[in-house]
Amino acid sequence: MKTNRILTLCLAGLLLTGSGISFTSCQGDDVDTNQFTGGISLNVFGPCPVARGGELRFIGSGMNQVTAISIPGCADITDIQVISDREIRVTVPQEAEEGYVILKTPAGDIQTETKITYTEPISLESFSPTNVLPGETITITGDYLNLMQKVIFADEVEVDYTDFIEHTRQRITLTVPEEAQSGLIILSDTAEIPNQIYSEEELTVILPSVNNVSQLDNAKPGNTVEIQGQHLNLVKQVRTSNGSEAEFVVTNDEILRFEIPADATDGEMVMVPASGVEVPVANLTMAVPTDVQAIPATGLRAGSTLTLTGKNMELIANVTFPNVAEPVALASQTEEQATVVMPEMAQSGNLMLNTGSGKQVAVAIETLKPVVSGYTPTTVSAGESVTLSGSNLDLIASITFGDGEAVAVTPSATLDIEVPVTTAEGEVAVTVTMTNGETVACPTLDVTKPQCCYITSWPEEDIKSGALLEVSIENSDKLTSVQLNGNTVQYIVRDGSLLISLPADVSGEATLTLVSSNGEMPYTISIADGAAVVIYAGPAVNAGNWEGYVQLGSELFADAHVGSIITVYISNIGADAQGAFQNSSWSSIDPAYDGFALSGDSFTMTVTENILGQIQSGGLIIKGKNYTIESVTILN
């Protein structure tokens, strides 16, 4: 082996003495050497001393801008290895001499303040044997090897000098670690930036080997595999492509036996020595169930037991039903047969048989479907009930008429359902949704318009409590009352429109019901809280004994409507306190609001059509006795 190729690393002695390190340029200008200050600056170079033929490092800022490095005794070095903008490296020529090193940059030359010096001519001349088993000894020859404290094998596997068998100037003898891999050998000292000497040739660390990589088709978990090879005692682990470890034994260093793990997958199996190098031993193709049939495969419903027959059925770990996320465990299992119970939400499609190897086998299944054969009556008005006849109707969870929303039903053998009032007239498509989510198209249903009073359109704006709700209706002559959450409310029918006075104290989801002489039409509406407007904010007025009052002009009621609520906030309520609302003629605005007893901190008046005309034409007067008027609001 020739004189070694050397990588040498250590710090210049002066550069390690403290933080007050500086370098000067050839022009004599001071160069800022604060660590990584930016621009182009040199902080440190090393190792020093360094071996000729070794590697010299320069660390600082803007190092990637250095164009050449001048070392005494040799030509400028332009073959610069740029590690980053903070570090560059060069190989020291054999003819290099002691002296100052100069870095050439676009901003000028930088000269080291410390001279470069050189180590003794350490050499790694040869090593033997060049092919070695882990645990065997190897001898390295050269010169000044006594200055080296480590032998480093590939993948940073180190042997410290304290474990050397022999350590002299010309020889190092040591045991090759179990973890050693093939590659270059490195000799190293223990400096902060160490000198490292690389061998020119690679050491070959012998691995376990097999005569042939086996092709294992239709492999099953638990199968025993026997492999012949050499140096099999080096094997520490056998594992599959997904990382599962296999139990194994080695006989006479030449036979490797292992069992295929339960969760083995298709792919390459490897044996692994202490070095971690993977050596292929077999290619697996895992077996799957074949010739599989489901009995029954059709007419299935929740709770049905499926019998699955075929070959290799013992490989099934569990099954996945269509529309069911979680796999279902088998009820029973042999090599030729398995049974499983169908879950509630399973749908038609492919039943997937899952094996421990991650493979799947698909088996088609079909669920039992409800059949609607007819309707009674055959023609029905929207909003009225219809009876569905047929078979398997207990599988139905909801029914959809036309483009409307699904109407939930309670699964049973017979179904009576109310056709939504919003259903369009004509031949309407009917679709039933099963409890498992599947849908089935049914015969069309002849739907006519509702016969009782019903709403044909709603306002676009939000519905608010205390407001007047106006909707368009049909069959207004059938309307007898309007209810909100079961309580009768005031309403007016006018020119095809229905005006409903919504109470101020009702909000959120509510049921509005139009009660007709021939039926009822319920609607679910969302009522937002209304916002009251202050129309009188004081000063406070003492009503006295009917002589004190507050008069409000008609302009304050321009936005009022039937159903608006006027609230008077009061204080200082005395004995026999009474309140009253009067019109601009000082007459009672309505008998219901004339001389009524007071209690609490407010009293209200709901605007009727008669009251609305009076307050919008002449305003409103609030009077009474034995209380104080504080403020007045209106909720439109």
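What you see below is based on every heavy atom in this structure, not just the backbone, and it leaves out hydrogens, waters and symmetry mates. Numbers here simply count residues along the sequence, with the first being 1. Predicted, not measured: the structure shown is a model, and the values here were computed from it.
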Does the Gln616 side chain pair with the main chain of Phe557, one donor and one acceptor, at a distance under 3.5 Å? yes

With under 30° as parallel and over 60° as perpendicular, where do the rings of Phe581 and Phe603 fit, or are they tilted in between? perpendicular

One pair to check against side-chain hydrogen bond (donor to acceptor under 3.5 Å, both in side chains): Asp394 and Ser412. What are the steps and the verdict? CA-CA 4 Å; Asp394 58 315; Ser412 62; over 6 Å; no

Here the ring pair (Phe, Tyr, Trp, His ring centres under 6.0 Å) pairs for residues 428-484, sequence neighbours left out, are Trp458-Tyr523

Interatomic distance, Asp416 atom CG to Thr410 atom OG1 [nearest 0.5 angstrom]: 11.5 Å

Would Asp594 and Lys623 pass as an ion pair if we require N to O under 4.0 Å? no

Would you say the side-chain atoms of Thr480 pair up with the backbone N or O of Val515, donor to acceptor, closer than 3.5 Å? yes

Between Ser602 and Ile570, is any pair of side-chain heavy atoms under 4.5 Å apart? no

Any side-chain heavy-atom pair from Thr439 and Val432 closer than 4.5 angstrom? no

Give a yes or no on this: more than 12 heavy atoms of other residues, nucleotides or ligands lie within 6.0 Å of atom CG of Asp217. yes

Does the side chain of Asn242 pick up a donor-acceptor pair with the side chain of Thr240 at under 3.5 Å? yes

I'd like to know if the side chain of Glu470 and the backbone of Leu499 have a donor-acceptor N/O pair within less than 3.5 Å. no

Is there a side-chain hydrogen bond (donor to acceptor under 3.5 Å, both in side chains) between Ser497 and Ser472? Walk through the geometry before answering. CA-CA 4 Å; Ser497 295; Ser472 298; 4.6 Å; no

Does Leu552 reach the side chain of Val550, with side-chain heavy atoms less than 4.5 Å apart? yes

More than 12 non-hydrogen atoms from neighbouring residues, nucleotides or ligands closer than 6.0 Å to CD on Glu405, yes or no? no

Quick check: do Ile634 and Ile565 have side-chain heavy atoms less than 4.5 Å from each other? no

Going by atom types alone, do Glu438 and Ser348 pair a side-chain donor with an acceptor below 3.5 Å? yes

Polar side-chain atom of Ser381 near backbone of Glu384 as donor-acceptor pair, under 3.5 Å: no

Closest non-hydrogen atom pair between Pro377 and Leu445, with its separation: O-CD1, 4.3 Å

Distance from Asp446 atom CG to Thr379 atom OG1, nearest 0.5 Å? 3.5 Å

Pairs in or reaching into residues 352-394: which pass ring pair (Phe, Tyr, Trp, His ring centres under 6.0 Å), with residues at least two apart or in two chains? none

Compare every heavy atom of Cys452 with every heavy atom of Asn518, then report the nearest pair and how far apart it is. OD1-CB, 3.0 Å

Kindly say whether Asp590 contributes a backbone atom to a donor-acceptor pair with the side chain of Ser588 at under 3.5 angstrom? yes

Between CG of Leu598 and NZ of Lys625, what distance do you get to the nearest 0.5 Å? 10.5 Å

Kindly check if the number of other-residue, nucleotide or ligand heavy atoms within 6.0 Å of CD (Glu547) is above 12? yes

Strictly distance-based, threshold 3.5 Å: is any side-chain N or O of Asn475 a donor or acceptor partner for the main-chain N or O of Pro450? yes

For residues Ala528 and Ser507, report the shortest heavy-atom separation together with the two atoms involved. C-CB, 4.5 Å

List, one per line, each side-chain donor-acceptor pair under 3.5 Å for residues 313-336, sequence neighbours excluded.
unit_1	atom_1	unit_2	atom_2	d
Glu314	OE2	Lys220	NZ	3.2
Asn318	OD1	Asn354	ND2	2.8
Thr320	OG1	Asn354	ND2	2.9
Asn323	ND2	Met345	O	3.0
Asn323	ND2	Asn436	O	3.1
Ser332	OG	Thr339	OG1	2.5
Gln333	NE2	Met313	O	2.9
Gln333	NE2	Glu314	O	3.3
Gln333	NE2	Ile316	O	2.7
Thr334	OG1	Glu336	N	3.3
Thr334	OG1	Gln337	N	3.0
Thr334	OG1	Gln337	O	3.2

In sequence, state the C-alpha distance, the side-chain angles, and the governing distance for Glu418 and Ser385, and then conclude on side-chain hydrogen bond (donor to acceptor under 3.5 Å, both in side chains). CA-CA 4 Å; Glu418 186 176 283; Ser385 293; 4.7 Å; no

Can you see which heavy atom on Val371 is nearest to which on Leu393, and at what distance? O-CD2, 3.7 Å

Does a side-chain N-to-carboxylate-O contact under 4.0 Å join Glu366 and Lys369? yes

Partner of Arg239 under side chain to side chain contact (heavy atoms under 4.5 Å, CB included), chosen from Met271, Glu278, Met269: Glu278

In the structure I gave you, are the side-chain heavy atoms of Val292 and Thr309 within less than 4.5 Å of one another anywhere? no

Please test Thr513 against Gln483 for side-chain hydrogen bond (donor to acceptor under 3.5 Å, both in side chains), starting from the C-alpha separation and ending with a verdict. CA-CA 5 Å; Thr513 305; Gln483 296 180 352; 5.1 Å; no

Are side-chain heavy atoms of Leu620 and Met605 found at a separation under 4.5 Å? yes

Quick one: does any side-chain atom of Thr423 pair with a main-chain N or O of Val419 as donor and acceptor, under 3.5 Å? no

Under 3.5 Å donor-acceptor, Asn312 side chain and Val288 backbone: yes

Taken to the nearest 0.5 Å, the spacing of Leu556 CG from Ile615 CD1 works out to 10.0 Å

When you look at CG of Asn545, are more than 12 heavy atoms from neighbouring residues, nucleotides or ligands closer to it than 6.0 Å? yes

Nearest heavy-atom pair of Met521 and Gly383: which atoms, and what distance? CE-CA, 3.6 Å

Would you give the length of the straight line joining atom OG1 of Thr628 to atom CG of Asn572, rounded to the nearest 0.5 angstrom? 4.0 Å

For the side chain of Gln451 and the backbone of Lys449, is there at least one donor-acceptor N/O pair under 3.5 Å apart? yes

So do the side chains of Leu284 and Ile260 get within less than 4.5 Å of each other, counting heavy atoms only? yes

With a 4.5 Å limit on heavy-atom distance, are the side chains of Phe258 and Thr224 in contact? no

Could you measure the distance from the CG atom of Asn283 to the CD atom of Glu268? Nearest 0.5 Å is fine. 5.5 Å

For the residue pair Asp266 / Thr285, report whether a side-chain donor-acceptor contact shorter than 3.5 Å exists. no

Considering non-hydrogen atoms only, spot the tightest contact between Asn542 and Tyr627 and give its length. OD1-O, 3.5 Å

Donor-acceptor pair, side chain of Thr567 and main chain of Thr604, under 3.5 angstrom: no

